[in-house]
Amino acid sequence: MTIDPTLREQAVHWAVRIGDPAFAEWEAFTAWLDANPAHSPAYDQVASAVAEVAEAGLPELAAPANDNPDFGWGTQPIAQRAWLGGAIAASLALVALVSLFGLPGGAKSYVAAPGEVRTIALDDGGIITLGGNSRLVLRGKGQRDAVLEQGQALFDLRHDTGRPFEVRVGEDVMRDIGTVFEVERRGSTTSLAVSEGAVLFNPARQKLRIDPGQRVVHHDGTDRIDSASIPKAQVGEWRQGRHTFRGVSLAEVAEALSGASGVKFSVAPGAAGQSISGSVLIDPIRRDPASLGPLLGVTARPEGNGWILEP
């Protein structure tokens with residue numbers, strides 16, 4: 001069965017987290033399985049692939065007993081999932097296999113969980129840093145082609161005129177003609193900001209050169225590209241735990257802060273389009289989500305297992 005790469009990455013993401021002996025988010029995992037009929041087969045395919053590798057290269061691993069009927073997953077999936085969790089917990093090599101699960105054409109996919117910052121070292125010495133709740137796929141020989149499916153990434157690249165590095169996000173293509181730039185994907189919106197060198201935005205269409213201190217924003221399905229200046233120090237500042245928003249929607253703020261902090265933020269009905277500007281540190285928000293309110297001129301109130309933002 002062929003599985004959509006994005007769906008497969010969600011399955012891999014859960015597999016890696018379940019491999020942590022301290023994992024306790026079984027309700028959330030079950031909710032993910034139940035949310036779409038395709039989720040369970042995707043997870044089971046990942047389990048089967050890992051099982052084959054384990055049998056071939058890690059014969060000492062034993063399957064833990066888990067016959068608990070309360071999870072409601074079905075007998076065979078329970079056995080696969082329980083075994084997968086034990087195998088990953090028992091072997092860091094197996095965790096690496098799952099987190100870098102091969103995609104068609106030799107591509108590799110990387111996931112940063114909410115609240116996590118992940119660094120990817122490229123073969124040529126370049127570095128890609130993923131923000132929380134982000135997914136990126138590296139494709140092609142020499143790791144010179146990336147697809148950012150969700151979230152944000154900072155690219156610190158070794159420029160090669162003969163083999164320029166390209167980043168694909170939604171409808172847009174960004175070609176490196178410099179060294180350091182940030183790309184963000186929220187919903188159907190792509191943004192690009194450059195701190196060093198330059199980036200060619202959509203070389204086959206608009207052919208816009210974006211230089212240091214410049215930022216562009218593009219919404220899928222439109223011809224409009226908004227541009228603005230940005231302090232170079234703000235490009236990739238989230239690596240140090242700070243996020244700055246400049247006239248973005250409250251919905252985008254909620255998504256960005258959820259990914260950066262690991263705290264679930266959502267928006268009150270009718271408030272998603274509210275324009276927000278401000279700069280916040282993430283660690284204080286993790287400790288006290290209500291402190292976000294005065295910083296951005298909104299109200300943050302607890303509801304269920306998360307927080308609601310409203311004007």
Side-chain angles (χ1 to χ4, degrees), residues 112 114-120 126-134 136 146 148 150-157 159 165 167 169-170 172 174-202 208-219 224-263 265 274-286 289 291-298 300 309:
E116 177 187 15
V117 174
R118 180 175 182 180
T119 300
I120 304 166
I127 295 174
I128 302 173
T129 306
L130 289 183
N133 197 28
S134 298
L136 179 137
L148 181 63
Q150 173 180 301
Q152 59 193 156
L154 183 76
F155 298 84
D156 188 345
L157 304 174
H159 182 58
F165 192 102
V167 183
V169 189
D172 301 313
M174 282 140 277
R175 180 177 296 166
D176 165 51
I177 50 178
T179 50
V180 183
F181 59 96
E182 174 188 79
V183 181
E184 186 171 6
R185 179 69 171 179
R186 302 292 179 195
S188 60
T189 300
T190 298
S191 64
L192 162 70
V194 178
S195 65
E196 295 181 25
V199 174
L200 191 61
F201 188 81
N202 284 337
L208 297 178
R209 177 187 171 105
I210 312 303
D211 291 308
Q214 294 182 332
R215 179 175 183 261
V216 295
V217 178
H218 181 222
H219 301 276
R224 178 180 174 182
I225 298 178
D226 297 321
S227 61
S229 60
I230 179 175
K232 289 186 286 186
Q234 285 185 8
V235 179
E237 65 177 3
W238 43 268
R239 292 177 301 169
Q240 286 76 47
R242 177 176 290 278
H243 276 250
T244 298
F245 304 102
R246 312 178 84 188
V248 301
S249 70
L250 188 56
E252 292 177 85
V253 170
E255 181 181 355
L257 293 180
S258 296
S261 67
V263 178
F265 289 100
Q274 174 82 18
S275 181
I276 296 294
S277 296
S279 185
V280 297
L281 290 171
I282 297 302
D283 280 346
I285 293 172
R286 285 196 185 102
S291 66
L292 175 66
L295 297 174
L296 295 181
V298 299
L309 303 181

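Just so you know, these numbers come straight off a predicted model, no measurement behind them. These values consider heavy atoms only, across backbone and side chains, with no hydrogens, waters or symmetry-generated copies.
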**Fill in**
Exactly one of Q150, E116, E255 clears side chain to side chain donor-acceptor pair (under 3.5 Å) with N133, and that residue is Q150
**Request:** Search all heavy atoms of S227 against all heavy atoms of V216 and return the closest pair with its distance.
**Result:** CB-CG1, 3.9 Å
**From L136 atom CG to L148 atom CG, the distance as rounded to the nearest 0.5 Å** = 5.5 Å
**Prompt:** Would you say S258's side chain and F265's backbone share a donor-acceptor pair under 3.5 angstrom?
**Reply:** yes
**Message:** How long is the straight-line distance from CG of L208 back to CG of L192, given to the nearest 0.5 Å?
**Reply:** 10.0 Å
**Asked** Would you say Q274 and L309 make side-chain contact, with heavy atoms under 4.5 Å?
**Response** no
**Request:** Compare every heavy atom of V194 with every heavy atom of I210, then report the nearest pair and how far apart it is.
**Result:** O-CG2, 3.6 Å
**Request:** Please report the closest heavy-atom contact between A112 and G131, naming both atoms and the distance.
**Result:** CB-O, 3.2 Å
**Message:** On a heavy-atom basis, which atom in S195 and which in K232 lie closest, and how many Å separate them?
**Reply:** O-CD, 3.3 Å
**Message:** Looking at R185 and G187, would you say the former's side chain and the latter's main chain have a donor-acceptor pair under 3.5 Å?
**Reply:** yes
**Asked** Taking the side chain as C-beta and beyond, is there a heavy-atom pair between L154 and V235 under 4.5 Å?
**Response** yes
**Asked** Is it true that a side-chain atom of S134 and a backbone atom of Q152 form a donor plus acceptor pair closer than 3.5 Å?
**Response** yes
**Prompt:** Is there a donor-acceptor contact under 3.5 Å from the side chain of R286 to the main chain of S261?
**Reply:** yes
**Request:** State, to 0.1 Å, how close A153 and L130 come at their nearest heavy-atom pair, and which atoms those are.
**Result:** CB-CD2, 3.7 Å
**Asked** Got T129 and W238 here, is their nearest side-chain heavy-atom distance under 4.5 Å?
**Response** yes
**Message:** Please find the pair of heavy atoms, one from P289 and one from A300, that lie closest to each other, and give the distance.
**Reply:** O-CB, 3.9 Å
**Asked** So, does Q214 use its side chain to make a donor-acceptor pair with the main chain of D211 at under 3.5 Å?
**Response** yes
**Message:** Donor-acceptor check, side chain of S277 to backbone of G247, threshold 3.5 angstrom: yes or no?
**Reply:** yes
**Fill in**
One should read off an interatomic distance between H159 NE2 and T179 OG1, to the nearest 0.5 angstrom, of 9.5 Å
**Prompt:** R246 versus I230: any side-chain heavy-atom pair under 4.5 Å?
**Reply:** yes
**Asked** Does E182 use its side chain to pair, donor to acceptor, with the backbone of A193 at less than 3.5 Å?
**Response** no
**Message:** With rounding to the nearest 0.5 angstrom, report the CD1 to CZ distance, I177 to R175.
**Reply:** 9.5 Å
**Asked** What class does the angle between the rings of F181 and F155 fall in, given that below 30° is parallel, 30 to 60° is tilted and above 60° is perpendicular?
**Response** parallel
**Asked** Quick one: do the T244 and E237 side chains pair a donor with an acceptor below 3.5 Å?
**Response** yes
**Request:** Apply the side chain to side chain contact (heavy atoms under 4.5 Å, CB included) test between V253 and each candidate in V298, L296, V280; give the one that qualifies.
**Result:** L296
**Separation of I282 CD1 from H243 NE2 (nearest 0.5 Å)** = 4.5 Å
**Item:** From CD (E196) to CG (D156), nearest 0.5 Å
**Value:** 7.0 Å
